[in-house]
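Whatever order the structure lists them in is the order used to number ligands and atoms, beginning at 1. Quick note: residue numbers are just sequence positions, from 1.
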Amino acid sequence: MWLLLPPVLVLIVLKTGFLPQVAHFRETGFTKVADEMVHKVSTFGLGGATWQQQSHDTVKREAAKDVSAPISKLTCNFNNAHSDICTMEGDLRVHGKSATVYVVSASTFRPENSSIKVQPYTRKWEKETMSRIREVTMRSVPPAPYSFTIPPRCTVRHDVPAVVFSTGGCGTNFFHAMSDLIVPLYITAHEYSGRVQLLITDYEPKWVAKFRPILAALSMYPVIDLDADTAVRCFPSARVGLESHRMLGIDPGLSRNGYTMMGFRDFLRSTFSLQRPWTTPVISRSTGRKPRLVMVLRRHSRAITNEADAISSMVDLGFEVVAAGPEDASDMDQFAGVVNSCDVMVGVHGAGLTNMVFLPHNATVVQIIPWGEMKVACRYDFGDPVPDMGLRYAEYEVTAEETTLNEKYPRDHPVFTDPASLHRQGKLWEIFLQGQNVTLDIGRFRGVMQHVYQSITTD
Ligand SMILES: *[C@@H]1O[C@H](CO)[C@@H](O)[C@H](O)[C@H]1NC(C)=O
Ligand SMILES: *[C@@H]1O[C@H](CO)[C@@H](O)[C@H](O)[C@H]1NC(C)=O
Ligand SMILES: *[C@@H]1O[C@H](CO)[C@@H](O)[C@H](O)[C@H]1NC(C)=O
């Protein structure tokens, strides 16, 4: 439709001062375009007069030329349940401070979506999280002579693709960092073999510091804090938003490059120089090597009140046990090595179990599921992702006798008789995740761990 509009009409709009003209062109679809021009002026802080002069000249100049060939393309996918993603190539100009990507001389330009907004985080369904994510605007500019928006001039030119994403959604929670960002980043950016520029909106310095080794393995350039960036950076191609398929997982069928979680774990192993790709195939009493087990401990909630007894029961069975509290796990670089040296990981449901990504292939993960009909939710986060990682899975479900909720609620309370009703009231987090510790039934726990021991040893 825009192709039919004569450039002369554009000239009139600009020349006579566009604000009073808006009403006249309301039916023609120009209102939106004029609004955008107003926005642009304020964004760049140019004086109105200067701007009008400039745009007037540019339009005249461009109108005088023959129709120049479109060079940019923009495609967006809003159908994914986890994230919206826009992919573009051609003449792309990123202005960080205004969170705008100009898609210059775009063959895909349509007046109705000349401005497309995306929040580059991967939990689209979660309103509260998404409310903290900045919108990035893709502003399409049609080819000359119809380009009445003047894209800003490049101040920095990059010859590699850009990937734009937000770190505003996960704080330092290790599960969310991995599941919402690191795995999606791997799916989106690993294919460039380091020749890619990462741009981060809602820049979290702590997050960036913690994951620097992984960011450096994905990109050979320092990351850019998009929101603070006053430059206009030009790129030949860009992606805004990260691809995400499932919790802590990759669907090879959806990945352009057929990526897998096994491949992702190999990538981590090389990033952290981990020694063991696989668990030692045969661990036996006769070789004298004990299977090594890391117990991931929590402190403030879902703690194991009798953790010393639990540990000695596993030592009795023949495991070499490494007990790791949150303070041990917080140094990712070092803890990755500890985890990789182990054959088994045990822990109560919680972000610490995410460290399973560093286990050698064919290792076993044992998830302790807290009281409160939590099985489905716990499996969703840490059970279902395990097989694709090339790991084995076992679980131990805590009974009503083993939870400290006993001390707070009588046994005829819905906490015990109908936990699901409390989930429906939105109290799952408060009561069952934040509100309990567990006291393991050592006999029953030992039975489960004995089974694990037998499954990874001969004789
Ligand atoms: C722009 O809108 C058209 C029609 O409404 C749609 O087919 C197209 O996919 C949109 N383009 C983008 C990049 O969203
Ligand atoms: C769990 O145990 C920790 C440490 O022993 C304690 O600080 C915390 O208050 C307990 N939480 C609950 C919900 O009982
Ligand atoms: C994984 O471990 C199990 C038990 O030790 C063993 O039977 C199996 O062969 C191992 N798989 C591979 C691929 O090494």
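- Ligand 2 lies out of reach of Arg302, whose nearest heavy atom is not under 4.0 Å from it.
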Would Tyr121 and Asp202 satisfy side-chain contact (heavy atoms from CB on, under 4.5 Å), going step by step from the backbone distance to the final call?
CA-CA 10 Å; Tyr121 198 72; Asp202 309 308; over 6 Å; no
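- Residue contacts with ligand 2: Asn437 is placed with a nitrogen or oxygen under 3.5 Å of a nitrogen or oxygen of the ligand (distance criterion only).
- Close approach of ligand 3 to Ser455 (heavy-atom distance below 4.0 Å) involves ligand atoms 4 (C), 5 (O).
- Ion pairing between Asp316 and Arg446 holds under the 4.0 Å rule for side-chain N and carboxylate O.
- Nearest to atom 2 (O) of ligand 3 by heavy-atom distance, out of Thr364, Leu391, Asn362, is Asn362.
- For atom 5 (O) of ligand 2, the nearest protein heavy atom is 4.0 Å or more away.
- Not close to ligand 2: Ser301, with no non-hydrogen atom less than 4.0 angstrom away.
- At least one heavy atom of Arg392 sits under 4.0 Å from some atom of ligand 3.
- Listed by number with element, the atoms of ligand 2 under 4.0 Å from a non-hydrogen atom of Gly435 are 13 (C).
- Look at Glu307 and Arg299 and you find a salt bridge, because one of the NZ, NE, NH1 or NH2 atoms lies within 4.0 Å of a carboxylate O, short of that distance.
- Listed by atom number, the atoms of ligand 2 under 4.0 Å from His300 heavy atoms are 1 (C), 8 (C), 10 (C), 11 (N).
- The atoms of ligand 3 that sit less than 4.0 Å from any heavy atom of Trp278 are 13 (C).
- With Phe78 as the aromatic partner, Lys124 does not meet the cation-pi criteria of under 6.0 angstrom to the ring centre and within 45 degrees of the ring axis.
- A salt bridge links Asp91 with Arg93: the closest approach of a Lys/Arg side-chain nitrogen to an acidic carboxylate oxygen falls below 4.0 angstrom.
- Interface atoms of ligand 2 facing Gln434, defined by a heavy-atom separation under 4.0 Å, are 13 (C).
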